[in-house]
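Let me begin by presenting the structure, written as structure tokens, before commenting on it.
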Amino acid sequence: MHHSLITMHYLLPINLFFFFLYDYIFLRICLCPNNPLSQPHITQHSMGTLAGHLVPGSALALLGLWHIFNTFRAYHLKGPNHFRSSFWHPFSKLTYMELFLIVSFSIFSIVMQVLDYPLFSFAFKLNNYEHATMFLHLVIFAGFTLVNEINHKSDMWFEVSGILAASVFGQELFLLHYHSADHVGLEGYYHWLMQLIVFVSLLSAISTTIFPSSFPSSLVLSISVVFQGLWFINMGFLLWVPELVPKGCTLSLGHGGDSDMHGAVICGTHDAGLRARALANLQFSWILAGILIFVGCICSFFPKKVAPRAQSIEYERLNSRIAEIPLSVAGFKQVNYQ
């Protein structure tokens, strides 16, 4: 079992690297002009595209999975009395790889949004700048955490990093709720469910900051990050692949007020709309169920710690002595009474 844990600890960074490589390759394939998926309504590099959902969604999901594994590992190694939450986890040899990846990925995403990739224009589009602002808060969190960890500047950084992490989710929730692209209908419902997940991330980040030794808060935070990523991927497929649009609904394209291309799923009848929302609810529950099954499987990898025999005998003796105290006290009272 110990060898299995070591193997998983070394394989997770490698898997993260290959998944990030997969995201890059997928994006390049989707942008290939000879690819049938390379249609304007699917591959324009914005959050309202299939690739624009898959890349950040995969990054979030992988980051959350990495945190779930390390949260279990830290709790297993340190025990309930010495466990302390962390908003980032070191790789085996490349200690700050996670923070470097977050900073570099976020800066890259900001540049792509500001330049309106693949058009490469400096046109001020509110939709793009809102998404860039979400990544900006990630840069602030990961960047300052990286500098502080390298230089060992402050002993109170955990609390500060917790506030910065909470601000990431708080700003994400704020910008999703007051998005310039008015998401209505089925698309709006998917975004509303996304806001529920982000709200849970915000609450768990605040709870983890206030109660750093709380294992449930840290685990819920990691689970919610995975949930965000997978739900983002699910939105990309269900809202931007015409073949996956619910029965009775169609994918239509229109231009937003800021000249961005927006898509909307329009349901022909009221019953079709209700059915599409019911399917979204099922997807929401199924994805959460899959995450919880994964969490249960990860938990089973960590064996229960068994106290040494000497400690067990000493513990039993201590309990027996405590149990004898009331009898001794009762006998003492009877003697005095007589």
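These figures come from a predicted structure and were not determined experimentally. Residue numbers count from 1 along this sequence. Any value given below was found using the heavy atoms of this structure, including those in side chains, with hydrogens, waters and symmetry copies removed.
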Which atom of T209 lies closest to which atom of G162, heavy atoms considered
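Scanning both residues, the minimum pair turns out to be OG1-CA, 3.2 Å.
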
Provide the closest heavy-atom pair for V103 versus G143 in the form atom of the first, atom of the second, distance.
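Here V103 and G143 meet closest at CG2-N, 3.7 Å.
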
Classify the angle between the aromatic ring planes of F232 and H53 as parallel (below 30°), tilted (30 to 60°) or perpendicular (above 60°).
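It falls in the tilted class, 30° to 60°.
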
Is the ring pair F284/F227 parallel, tilted or perpendicular, if the boundaries are 30 and 60 degrees?
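It falls in the tilted class, 30° to 60°.
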
Just by distance, do the side chain of N234 and the backbone of L230 share a donor-acceptor pair under 3.5 Å?
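Checking the backbone N and O of L230 against the side chain of N234, no donor-acceptor pair under 3.5 Å is found.
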
Side-chain donor or acceptor of N70 paired with backbone N/O of W66 under 3.5 Å
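Yes.
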
So, do F87 and W157 have ring centers that fall under 6.0 Å from each other?
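Ring-ring flag for F87/W157: false, centres at least 6.0 Å apart.
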
Does F199 have its ring centroid less than 6.0 Å away from the ring centroid of F169?
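Between F169 and F199, which both carry aromatic rings, the centre distance is not below 6.0 Å.
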
Less than 4.5 Å apart, side chain to side chain, heavy atoms only: is that true for [X] and [Y]?
{"X": "F105", "Y": "V55", "answer": "yes"}
{"X": "H177", "Y": "H191", "answer": "no"}
{"X": "Q228", "Y": "V198", "answer": "yes"}

How many angstroms lie between atom CD1 of I210 and atom OG of S85, to the nearest 0.5 angstrom?
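Taking CD1 in I210 and OG in S85, the distance rounds to 12.0 Å.
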
In Å, rounded to the nearest 0.5 Å, how long is the span from CG of L173 to CE of M194?
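Nearest 0.5 Å value for the CG-CE distance: 10.5 Å.
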
Determine, step by step, whether H89 and E98 satisfy the side chain to side chain donor-acceptor pair (under 3.5 Å) criterion, reporting the C-alpha distance in whole Å, the side-chain angles of both residues, the deciding distance to 0.1 Å, and the verdict.
CA-CA 7 Å; H89 298 280; E98 177 185 334; 5.9 Å; no

Taking atom CZ as the centre, does F158 end up with more than 12 heavy-atom neighbours from other residues, nucleotides or ligands that are less than 6.0 angstrom away?
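Atom CZ in F158 is crowded, with more than 12 foreign heavy atoms closer than 6.0 Å.
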
More than 12 heavy atoms of other residues, nucleotides or ligands under 6.0 Å from CZ of F144: yes or no?
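No, the 6.0 Å shell around CZ holds no more than 12 heavy atoms from other groups.
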
Among all residues two or more places apart in sequence or in another chain, which pass the side-chain hydrogen bond (donor to acceptor under 3.5 Å, both in side chains) test with Q171?
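Partners of Q171 under the side-chain hydrogen bond (donor to acceptor under 3.5 Å, both in side chains) test: none.
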
T208 vs S217, side chain to side chain donor-acceptor pair (under 3.5 Å): CA-CA, chis, key distance, verdict
CA-CA 5 Å; T208 302; S217 296; 4.7 Å; no

Are L202 and L196 connected in a single hydrophobic cluster, I mean Ile/Leu/Val/Met/Phe/Trp/Tyr linked by side-chain heavy atoms less than 4.5 Å apart?
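Yes, L196 connects to L202 through the hydrophobic network.
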
With F215 via side chain to side chain contact (heavy atoms under 4.5 Å, CB included) - residues at least two apart:
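With neighbours one apart ignored, the set is T71, F72, Y75, F83, L219.
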
Applying side chain to side chain donor-acceptor pair (under 3.5 Å), run through E172 and H137 and close with a yes or a no.
CA-CA 9 Å; E172 182 184 3; H137 286 274; over 6 Å; no

